[in-house]
Amino acid sequence: MAVLLITHDLNLVRKFADRIAVMEQGHLVEQGRVSEVLAHPQHAYTQRLLASKPVRDVWPAQPEAAPMLKAEKLRITYPKPLGGFKGWFKKGEFVAVHEASLHLPQGQTLGIIGESGSGKSTLALALLGLLPAGSMQGQVFYERKEHIAGIKSAQSATENIASMKFDTSLRQSLQVVFQDPYSSLSPRMTIEEIVGEGLRIHEPTLDAAQRQTRVLAALQEVGLNEAQFPGLLLRYPHEFSGGQRQRIAIARALIVNPQTIILDEPTSALDVTIQQQVLTLLQKLQRERALSYLIITHDVDVIRAMAHDVLVMKDGQVVESGAVDAVLQSPQQAYTQQLVAAAQ
Ligand SMILES: Nc1ncnc2c1ncn2[C@@H]1O[C@H](COP(=O)(O)OP(=O)(O)OP(=O)(O)O)[C@@H](O)[C@H]1O
Ligand SMILES: [Mg+2]
C-alpha cells in the first residue's frame, strides 16, 4: 500500500515515511528523502520546524498554592443500549471513568495522558459540569480564594441538579478549549461572534467597539491578525484550517480572563512552530496571572514543556500519577513507556 501521510508530527514522519515534502503558505518548499531532509534541511521553514521543540519554562510550583480544581472519586457512566427484550424497558451502563481523583493547585498545570478512549475527554466534561445529572458520582470542587462555588454531585439525580451551583462568575473563571476544533465552533457564527460571545455574557457593559478591540487583541495573542487574514472578523470557521480554528478556540477561552482553563488536545492540529508560539503564550499567561491549566494531550513533549504533575489514564482508571519528572523518567505503565520511547 502506498501512503500519503499529512501531519504536523515530525516524529511520525521520521519513523514511518520514506520521503518528505514540506509545505509553507501553499508552496512545496522542500522535498527529498526523510533522512536527508531532516538531517540537512535546506529551506528556512524546515530549519525552523526542526529547531522548535516545546521549551520547558514553567512557573515553579508553590507549595502553599490554593487548590483550584479538585475531584474526588469521580465515577462517570454513559447509558448503554441493552440487547433484546430487556432493552425495551431498561438501559445498561458503561463506566467511562472509575473513581478518578485529581488535584489542580492555582498557578500550576496538570497534564493528562492516556490511550484513545481511556476517558480523558469524559473526565474534562464532568469537571466542567457538562454531563447530564445522574451520570456522575463523586465530588468536584472548584474554588476561588475562600469562596467555594462548585458542583457537588450526589447519589440521586434530583440532589445532583440542586447542587449544580454553576453561577456565571464560575463560568467565566473556568474556561475550556474542546478537543475538536471542527465541531466546537458554530458554523453559523462569524469569528467576531464566536470569540466575543463570552464578553457579551460576562462583561455586558462593553459597547460594540470595545468588544471588537478585545476580540482583535485576543486573536492577535494567538497569532491571527487582519494583515494576514483580510476580513478576519467576518469570516466563518470553515474558512480556516484546523490549526487556525484551534487558535480561535483558544482565543475564545482567553478573552474572558479565566483563572483555570481545561485544554483538550489544544495543539494537536498545530505545526511545531505555531505550537511553540501557543505554548509560550500559555506559559506567559500562567506566570502573569497565576492561571491553572488542565491539559489533555497525547504529546509527551507538551507535557514535558508545560506540566507540573501528570496523570496517566487507561480504560477509565487513573493508573499512574505524580510529578512530571518522576513519571516521565521512570514510567511504570507500558502505555507511558511506549509514549516516552516514541517521543525520543
Ligand atoms: N456520549 C457517549 N455515549 C456513550 N459512550 C461514550 C460517549 N462519549 C464517550 N463514550 C465512550 O467513553 C469512553 C471514553 O471516551 P473519551 O472521549 O473520554 O475518551 P478520550 O480518552 O478522550 O479519547 P481520545 O484520546 O481518543 O480523545 C470511550 O470508550 C467512548 O466510546
Ligand atoms: Mg478525547
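Since this is a predicted model, take the numbers as computed values, not measurements. For ligands, and for the atoms within them, numbers begin at 1 and follow the listed sequence.
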ask   = Between Gln246 and Ser268, does any side-chain donor sit less than 3.5 Å from a side-chain acceptor?
value =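 Yes, a side-chain donor-acceptor pair sits under 3.5 Å.
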request  = Return yes if a side-chain donor-acceptor contact under 3.5 Å exists between Tyr335 and Ser118, otherwise no.
outcome  =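 The criterion, which ignores hydrogens and geometry beyond distance, is not satisfied for Ser118 and Tyr335.
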request  = Take Asp271 and Thr273, measure what side chain to side chain donor-acceptor pair (under 3.5 Å) needs, and give me the verdict at the end.
outcome  = CA-CA 6 Å; Asp271 77 70; Thr273 59; 2.4 Å; yes
Give the residue, atom name and distance (to 0.1 Å) of the protein heavy atom nearest [atom].
atom: atom 14 (C) of ligand 1; answer: Gly117 O, 3.4 Å
atom: atom 12 (O) of ligand 1; answer: Phe94 CE2, 3.4 Å
atom: atom 27 (O) of ligand 1; answer: Gln179 NE2, 2.9 Å
atom: atom 25 (O) of ligand 1; answer: Lys120 NZ, 2.7 Å
atom: atom 17 (O) of ligand 1; answer: Ser121 CB, 3.7 Å
atom: atom 15 (O) of ligand 1; answer: Thr122 OG1, 3.6 Å
atom: atom 26 (O) of ligand 1; answer: Ser116 OG, 2.5 Å
atom: atom 10 (N) of ligand 1; answer: Tyr78 CE1, 3.4 Å

message = Any N/O/S atom, side chain or main chain, of Gln179 closer to the Mg ion (ligand 2) than 2.8 Å?
response =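 True for Gln179.
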request  = Examine Ser121 and say whether one of its N/O/S atoms is closer to the Mg ion (ligand 2) than 2.8 Å.
outcome  =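 Under 2.8 Å: Ser121 contacts the Mg ion (ligand 2) through an N, O or S atom.
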task = Report yes or no: is the cationic atom of Lys70 (NZ for Lys, CZ for Arg) closer than 6.0 Å to the six-membered ring centre of Phe141, at no more than 45° off its axis?
result =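 Checked: cation-pi criterion met.
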inquiry  = Looking at every heavy atom in both Leu263 and Tyr293, which two are closest together, and how far apart are they?
reply    =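 Here Leu263 and Tyr293 meet closest at CD1-CD2, 3.9 Å.
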ask   = Should Ile201 and Val256 count as side-chain neighbours, where that means a heavy-atom distance under 4.5 Å?
value =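 The answer is no; the side chains never approach within 4.5 Å.
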request  = For the residue pair Pro237 and Ile194, establish whether any side-chain heavy-atom pair is separated by less than 4.5 Å.
outcome  =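 Counting from C-beta outward, Pro237 and Ile194 do come under 4.5 Å.
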query = Which of the atoms of ligand 1 are close to Ala96, meaning less than 4.0 Å from one of its heavy atoms?
reply =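 Close to Ala96: 12 (O).
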message = If the cut-off is 4.0 Å to any non-hydrogen atom of His298, which atoms of ligand 1 fall inside it?
response =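 Matching atoms, with element in brackets: 25 (O).
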request  = Drop me the distance from Arg252's CZ to Leu199's CG, to the nearest 0.5 angstrom.
outcome  =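 Nearest 0.5 Å value for the CZ-CG distance: 12.5 Å.
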inquiry  = What's the separation between atom OG1 in Thr109 and atom CE in Met306, rounded to the nearest 0.5 Å?
reply    =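 The CE atom of Met306 is 5.0 Å from OG1 of Thr109, to the nearest 0.5 Å.
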message = Any protein heavy atom at under 4.0 Å, with atom 7 (C) of ligand 1 as the reference point?
response =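 Under the 4.0 Å cut-off, atom 7 (C) of ligand 1 does have protein heavy-atom neighbours.
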task = Measure from atom 1 (N) of ligand 1 to the protein's non-hydrogen atoms and state whether any distance is below 4.0 Å.
result =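 Within 4.0 Å: yes, protein heavy atom nearby.
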Proximity of Lys80 to ligand 1 by residue part, where a heavy atom lies under 4.0 Å =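 Looking at Lys80 and ligand 1, no heavy atom falls under 4.0 Å.
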query = Of all the heavy atoms in Gly114, does at least one lie under 4.0 Å from an atom in ligand 1?
reply =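 No heavy atom of Gly114 comes that close to ligand 1.
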task = For Met313 and ligand 1, answer yes if some heavy atom of the residue is under 4.0 Å from a ligand atom, otherwise no.
result =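 Judged by the 4.0 Å heavy-atom criterion, Met313 does not count as contacting ligand 1.
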request  = Tell me, yes or no, whether the heavy-atom count around Arg200 atom CZ, taken from other residues, nucleotides or ligands under 6.0 Å, exceeds 12.
outcome  =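 Not buried by this count: 12 neighbours or fewer within 6.0 Å.
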query = Does the Glu72 side chain pair with the main chain of Ser101, one donor and one acceptor, at a distance under 3.5 Å?
reply =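 Side chain of Glu72 to backbone of Ser101, a donor-acceptor pair under 3.5 Å: no, none is there.
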task = Say whether Gly119, considering both its backbone and side-chain N or O atoms, lies within less than 3.5 Å of an N or O atom on ligand 1.
result =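 N/O-N/O distance under 3.5 Å: yes.
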